[in-house]
Amino acid sequence: MISVFMAFVFGGQRVIAEFGIGLAAAVLLDAFVLRTVLVPAIMHLLGRANWWLPRALDRRMPHLSVEPAEDAEEARP
């Protein structure tokens, strides 16, 4: 996306070039700084608090399992 927005700079129109630079900078800031540095660092600092869920909401949400239950594996021949 950064390269697409930077291509607007070479379009010849000043307003479009300014939008291209602004959008490219926003994508760069969001993708690289926020999502690869700040979010993992904050999640590391918060620890188990990242996954805290209010009890009322936990009761209303479905409980799905990706892996089979241990009892089902033992019952297989």
Side-chain angles (χ1 to χ4, degrees):
M1 288 179 62
I2 294 171
S3 61
V4 170
F5 291 140
M6 288 305 291
F8 292 166
V9 174
F10 303 112
Q13 295 181 359
R14 184 178 175 126
V15 175
I16 302 296
E18 289 176 2
F19 276 110
I21 291 172
L23 289 171
V27 169
L28 181 73
L29 178 71
D30 178 53
F32 292 112
V33 176
L34 291 177
R35 295 183 192 221
T36 62
V37 176
L38 290 179
V39 171
I42 291 171
M43 288 183 74
H44 180 73
L45 289 174
L46 290 176
R48 290 192 50 83
N50 287 311
W51 311 111
W52 176 78
L53 187 65
R55 289 181 195 212
L57 184 58
D58 187 34
R59 285 191 299 263
R60 299 187 89 185
M61 291 180 63
H63 293 275
L64 304 174
S65 177
V66 176
E67 298 182 11
E70 292 179 16
D71 296 335
E73 288 180 6
E74 293 174 2
R76 288 185 189 164

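Along the sequence shown, residues carry numbers from 1. Just so we're clear, the structure is a prediction, and the values are computed from it rather than from any experiment.
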| query | Is the number of heavy atoms from other residues, nucleotides or ligands under 6.0 Å of E18 CD greater than 12? | reply | yes
Report whether [X] and [Y] are members of the same hydrophobic cluster (ILVMFWY, side-chain heavy atoms less than 4.5 Å apart, transitive linking).
X: L29; Y: F19; result: no
X: F32; Y: V39; result: no
X: V4; Y: M6; result: no
X: V33; Y: V27; result: no

| request: Can you see which heavy atom on T36 is nearest to which on A31, and at what distance? | output: CG2-O, 3.5 Å
| task | Taking all non-hydrogen atoms of both residues into account, name the closest pair between W52 and P54 and its distance. | result | CH2-CG, 3.7 Å
| task | To the nearest 0.5 Å, tell me how far L38 CG sits from M43 CE. | result | 13.0 Å
| At what distance, to the nearest 0.5 angstrom, does CD1 of I21 lie from CD1 of I2? | 13.0 Å
| query | With distance as the sole test, does H63 use its side chain to make a donor-acceptor pair with the main-chain N or O of D58 at under 3.5 Å? | reply | yes
| Other ILVMFWY residues reachable from L45 by side-chain steps of under 4.5 Å | none
| Given side chains that start at C-beta, do those of L23 and M1 come closer than 4.5 Å, heavy atoms only? | no
